[in-house]
Amino acid sequence: MPPVIKKILFIAVALLCFTPWVQPPLALLLGIILAFTIGQVFDGKGVSKSTGWLLKTSVVGLGFGMNFFSAIEVGKTGLLITVISIASTFAIGYIIAKKLSVDSKISILISSGTAICGGSAIAAMSPIINANSKQISIALGAVFILNSVALFIFPLIGNLMDLSQTQFGYWAAIAIHDTSSVVGAAASYGSNALSIATTVKLGRALWILPITFLTSFLFKSENSKIKIPYFIGLFVVAMLLNTFVPAISAYSDWIVLLAKKGLTLTLFLIGSGLSVSVLKAVGFRPMIKAILLWIFIALSSLGMILFF
């Protein structure tokens, strides 16, 4: 297929993400289908930067649909589960890595991505432990694949178990790695699930800071440059404006709708980055570790949500 036709097809499918017919799971699936049929259409680094910017902008936009005081209550409720899940994920991840003889740096990156916030945590931890490009790629690939799976199966499991929107929102925020898949899965489950999942997930993302500081101390790393998720502050500002400024809240529904469409496009772009080379790069043992750790955090967090 000529490159020009590939680009036209890619852009056409991307534009479909702004229609009512394409929801987040379908957008991800369409991206994956294009990745495996026509391959990479645009420069990988350029798409990656655009995806990151679009995701952060969309998350901030979702803040305009939330009440600040309600978000505080949600955050306080989810704090204990978040702390327990992060600590236990790192502990179990260490044990699994030892049993499977997974490279220690790859293990730390996978555990960080699983416990905190997927690719963002991996990117923050990589310079702290002096991980090389291959180790980073393997960890990102494992998390990337499981994120794609989560977006499809979590809403199905939630419906099968008859989880309330509140329960599902907490579960998605704790048990799914990247913000994109957390918000995508929650958005397909319901508006209340989306509000809870986004709030708890961003609170969880802030744990990048203490974890990277601790890791820097343990590894005695001279590279102490830590990526701070500044967009979370903008998310809080958006909630404050929606709560206290009536002139802004009058337009909140439109802003949130646009943010949801931006998220749908984000998931399409993420799906278009999945390829056979990504699957091959991960390897058997790191992937087994990532799957086992993911199953652990999914089951343990669901148990806490259901029984506490």
To the nearest 0.5 Å, how far apart are [atom1] in [X] and [atom2] in [Y]?
{"X": "D178", "Y": "L146", "atom1": "CG", "atom2": "CG", "value": "10.5 Å"}
{"X": "S111", "Y": "I122", "atom1": "OG", "atom2": "CD1", "value": "10.0 Å"}
{"X": "S112", "Y": "I128", "atom1": "OG", "atom2": "CD1", "value": "10.5 Å"}
{"X": "T114", "Y": "K289", "atom1": "OG1", "atom2": "NZ", "value": "7.0 Å"}
{"X": "L269", "Y": "T51", "atom1": "CG", "atom2": "OG1", "value": "4.0 Å"}
{"X": "M66", "Y": "F235", "atom1": "CE", "atom2": "CZ", "value": "4.0 Å"}

Looking at [X] and [Y], would you say the former's side chain and the latter's main chain have a donor-acceptor pair under 3.5 Å?
{"X": "W171", "Y": "S301", "answer": "no"}
{"X": "S180", "Y": "L267", "answer": "no"}
{"X": "K201", "Y": "G169", "answer": "no"}
{"X": "S148", "Y": "F144", "answer": "yes"}
{"X": "N159", "Y": "P155", "answer": "yes"}
{"X": "R204", "Y": "C117", "answer": "no"}
{"X": "Q135", "Y": "K105", "answer": "no"}
{"X": "T89", "Y": "A115", "answer": "no"}
{"X": "Y189", "Y": "G158", "answer": "yes"}

So, for [X] and [Y], which heavy atoms are closest and what is the spacing to 0.1 Å?
{"X": "F18", "Y": "A14", "value": "CD1-O, 3.8 Å"}
{"X": "T266", "Y": "S58", "value": "OG1-OG, 4.4 Å"}
{"X": "S181", "Y": "I176", "value": "CB-CG2, 3.6 Å"}
{"X": "A298", "Y": "A175", "value": "CA-CB, 3.7 Å"}
{"X": "L151", "Y": "P24", "value": "CD2-O, 3.9 Å"}
{"X": "A193", "Y": "A186", "value": "O-CB, 3.7 Å"}

Establish whether [X] and [Y] are linked, either directly or via other cluster members, by ILVMFWY side-chain heavy-atom contacts under 4.5 Å.
{"X": "L257", "Y": "L15", "answer": "no"}
{"X": "L156", "Y": "L194", "answer": "no"}
{"X": "I5", "Y": "I11", "answer": "yes"}
{"X": "F244", "Y": "M239", "answer": "yes"}
{"X": "L302", "Y": "L80", "answer": "yes"}

The single option from T198, L206, V200 that satisfies side-chain contact (heavy atoms from CB on, under 4.5 Å) with L202 is T198
Under the side-chain contact (heavy atoms from CB on, under 4.5 Å) criterion, do W294 and V149 qualify, and how do the steps go? CA-CA 11 Å; W294 184 45; V149 173; 4.0 Å; yes
Side chains of [X] and [Y]: does their closest heavy-atom pair fall under 4.5 Å?
{"X": "F268", "Y": "L34", "value": "yes"}
{"X": "L234", "Y": "K56", "value": "no"}
{"X": "L26", "Y": "W21", "value": "no"}
{"X": "I138", "Y": "K134", "value": "yes"}
{"X": "I32", "Y": "L28", "value": "yes"}
{"X": "L109", "Y": "I129", "value": "yes"}
{"X": "F64", "Y": "W254", "value": "no"}
{"X": "R285", "Y": "I106", "value": "no"}

Can you confirm whether F284 is buried at CZ, in the sense that more than 12 heavy atoms of other residues, nucleotides or ligands lie under 6.0 Å from that atom? no
Within 6.0 angstrom of F68 CZ, more than 12 heavy atoms from elsewhere: no
side-chain contact (heavy atoms from CB on, under 4.5 Å) between L163 and L306, intermediate numbers included: CA-CA 9 Å; L163 296 180; L306 290 176; 3.7 Å; yes
Can Y94 and K98 be said to form a side-chain contact (heavy atoms from CB on, under 4.5 Å), step by step? CA-CA 6 Å; Y94 176 80; K98 284 293 183 183; 3.2 Å; yes
Applying side-chain contact (heavy atoms from CB on, under 4.5 Å), run through K260 and L62 and close with a yes or a no. CA-CA 7 Å; K260 288 181 178 179; L62 292 175; 3.9 Å; yes
